[in-house]
Number of protein chains: 2
Amino acid sequence: MIRMPTAPQPGTGLRERKKIRTRQAIRRAAYRLFEERGFEATRVDEIAAAADVSPSTVFRYFPTKEDIVLSDEEDPIVEAALRARPAGEPPLASLREALRQTIEQLYASPEAPEEIARRMRLIATVPSIRARLHESVADTSGMLTRVLAERTGRRPEDLEIRVFMGAVLGGLTEAMLHVAEHHAEVDVVDVLDRALTVLQNGLAD
Amino acid sequence: MIRMPTAPQPGTGLRERKKIRTRQAIRRAAYRLFEERGFEATRVDEIAAAADVSPSTVFRYFPTKEDIVLSDEEDPIVEAALRARPAGEPPLASLREALRQTIEQLYASPEAPEEIARRMRLIATVPSIRARLHESVADTSGMLTRVLAERTGRRPEDLEIRVFMGAVLGGLTEAMLHVAEHHAEVDVVDVLDRALTVLQNGLAD
DNA sequence: ACTCTTCTGAGGGTCACTATCACTTGATAG
DNA sequence: CTATCAAGTGATAGTGACCCTCAGAAGAGT
């Protein structure tokens, strides 16, 4: 007989909760060690020990050491927000709103700003993390390209759409790095706005 | 007394020629092995053996295995071409011309098309190479940002310029990947033109 | 030929990451 | 409550890219 599980609520079971706790334990331990002695000077074994799990478990949760810092949980949020936009809206406007909502949501939880600041500091200073960031942005770009292609009724391999999304994400990544390098002095939403303005008007002049 | 060498012609000495030959030997050996058994299945030691040098020498010439494929010799060409553009010209137009010239120059040597095709195939298929590509594009972006800032009399940390260059390079990178995935069927200059058109007009709609 | 500098090879080491497998533990059926 | 199954974990033993150091070879200038 074909296995037909009784559709357990996501996030319900003890198993799920345990996984979330382990994930957080690893991340917390890692961040603490990164602050203390720096990213590259911290070995994965040490993170594992500090989080009280085995090294293999660390890799089960995070495919690379850099992903402990990055680990894109934003993607699904942006995707949902983008899909929720009205059909006729111009792409860049849809993205603007989707991104604004995502940022808002990310800053919602109380300890978020602290964590984001730590993350920004690492992105700004550790080259291998920046490298991985660019990779993950490329993935995000692919995902958004698919959504946008679907919304506008084009094929996702369409050159024009790819270039469009590549440009938007390239611009926004630079904006993000700008924030990372000046996180104390700038307002994220303001930078996002200025970046989108450049994308809208500035490329022609 | 301060060492004041008699400014040897670049490219003249026996030393220089030998370095170039070694570099080419490594690259050729590597490409041959990559074709034969794939990128990841080829160990650096094997490349070294095939090129008849020691493994350490391979790393002296190429900081990472991926760089054997990428090794940005284009950057200085683009930079020079961009600096040669008239002062008042709009940035995107300057870039268009600089890029067109660079591509032309890259395809100049007789065996270039073959090599470029091989390179494209690797870029299209090997994830770690694509990752490194994005990194190196980020470096190029930084360099072009500096040039453009200089030409327009702004500071290179200026948000608007960074976003502009990030967007342009993000778009062009996607165009390049498009070429890599369809290298047999498309014309590079044509794709470049279409990409630049999107960058000029398309972001607003 | 003589020195100085640059380039190379050898050897040994680090560490991120993988694969395998036995073991434990939460979920599910009866 | 128990038997069964699937999923998650840890121990162990790799692999391979990359780094460091140091001794020797080989152009370059006197």
Side-chain angles (χ1 to χ4, degrees), chain A residues 1-26 30 33-34 37-70 126-129 131-132 135, chain B residues 1-26 30 33-34 37-70 126-129 131-132 135:
Chain A
M1 178 189 172
I2 293 172
R3 179 128 198 78
M4 198 60 190
T6 40
Q9 305 297 73
T12 306
L14 170 55
R15 219 165 219 169
E16 295 301 313
R17 269 176 285 141
K18 230 176 171 179
K19 282 215 301 206
I20 293 175
R21 249 186 299 141
T22 309
R23 198 181 174 81
Q24 275 195 347
I26 294 173
L33 291 173
F34 293 162
R37 54 186 98 165
F39 181 83
E40 15 238 356
T42 306
R43 274 166 295 139
V44 173
D45 316 14
E46 297 174 327
I47 299 174
D52 210 40
V53 293
S54 84
S56 16
T57 297
V58 174
F59 286 112
R60 260 189 218 100
Y61 280 84
F62 301 97
T64 75
K65 189 177 154 191
E66 284 76 20
D67 282 304
I68 302 179
V69 178
L70 296 173
V126 181
S128 73
I129 294 185
R132 189 86 177 93
E135 260 188 275
Chain B
M1 181 189 173
I2 291 172
R3 178 127 198 78
M4 197 62 191
T6 39
Q9 306 297 74
T12 307
L14 170 54
R15 217 164 224 168
E16 295 300 314
R17 268 177 286 141
K18 229 178 173 178
K19 282 214 301 205
I20 292 176
R21 249 186 300 141
T22 310
R23 198 180 175 81
Q24 276 196 346
I26 295 173
L33 292 173
F34 293 161
R37 53 185 100 167
F39 181 83
E40 13 239 357
T42 307
R43 274 168 292 139
V44 173
D45 318 14
E46 297 174 328
I47 300 173
D52 210 42
V53 294
S54 83
S56 18
T57 299
V58 174
F59 285 113
R60 260 193 274 281
Y61 280 84
F62 301 98
T64 76
K65 190 177 153 191
E66 285 75 21
D67 282 303
I68 301 179
V69 178
L70 296 173
V126 182
S128 72
I129 294 185
R132 189 87 177 94
E135 260 188 275

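Everything numeric here is computed off the predicted structure, so don't read it as measured data.
Contact of the Phe34(B) side chain with the Val69(B) side chain is registered, since non-hydrogen atoms from C-beta on lie closer than 4.5 Å. No side-chain heavy atom of Glu135(B) sits less than 4.5 Å from a side-chain heavy atom of Glu135(A). The side-chain heavy atoms of Thr57(A) and Ser54(A), taken from C-beta on, include a pair separated by under 4.5 Å. Inter-residue side-chain proximity for Lys65(A) and Arg43(A) is flagged as unmet; no heavy-atom pair is nearer than 4.5 Å.
Side-chain N/O atoms of Tyr61(B) include one lying less than 4.0 angstrom from OP1 or OP2 on dT8(C).
As judged by a 4.0 angstrom heavy-atom cut-off over every strand, Phe62(B) is placed among residues making no nucleic acid contact.
For the pair Ile26(A) CD1 and dG8(D) C1', the computed distance is 12 Å after rounding to whole Å. For the pair Leu33(A) CG and dA16(C) P, the computed distance is 12 Å after rounding to whole Å. Note: NZ (Lys65(A)) to P (dC17(C)) measures 8 Å, nearest angstrom. Taking atom CG on Leu14(A) and atom P on dA7(D), their separation rounds to 16 Å, with Å as the unit. As a whole-Å value, the separation of Lys19(A) NZ from dA7(D) P is 10 Å. Summarising the geometry, the separation between CZ on Arg21(B) and C1' on dC7(C) is reported as 14 Å, rounded to the nearest angstrom. Taking atom CZ on Arg60(A) and atom P on dC21(C), their separation rounds to 14 Å, with Å as the unit. In this structure, Arg23(A) places its CZ atom 12 Å from P of dT9(D), rounding to the nearest Å.
In this structure, CZ in Arg132(B) is found 4.5 Å from OG1 in Thr64(B), a value given to the nearest 0.5 Å. With values rounded to the nearest 0.5 angstrom, Arg17(A) atom CZ is found 12.5 Å from Thr22(A) atom OG1.
Qualifying side-chain contact (heavy atoms from CB on, under 4.5 Å) partners for Phe62(B), counting only residues two or more places apart in sequence or in other chains: Arg23(B), Ile26(B), Arg27(B), Asp67(B), Ile68(B), Ser71(B).
The nearest pair of heavy atoms linking Ala51(A) to Ala25(A) is CB-O, 3.8 Å. Residues Glu46(B) and Ala41(B) approach most closely at OE1-O, 3.8 Å, considering heavy atoms.
Taking five base pairs at each end of the helix from dT3(C)-dA28(D) to dG30(C)-dC1(D) and finding the rotation axis that steps the C1' atoms of four pairs onto the next four gives two axes whose angle is 20°, to the nearest 10°.
Side-chain proximity of Lys18(A) to the nucleotides dT8(C), dG27(D), dG26(C) is greatest for dG26(C). Checked against dT5(C), dA7(D), dA17(D), the side chain of Arg15(B) finds its nearest nucleotide in dT5(C). For Thr64(B), the listed nucleotide lying nearest its side chain is dC18(D); candidates were dT8(C), dC18(D), dA16(C).
Judged by atom type and distance alone, Arg17(B) does not reach the base of dG27(D) through any side-chain donor-acceptor pair under 3.5 Å.
Contacts with DNA chain C (heavy atom under 4.0 Å) in residues 42-59 of chain B: Val53(B), Ser54(B), Ser56(B), Thr57(B), listed by number.
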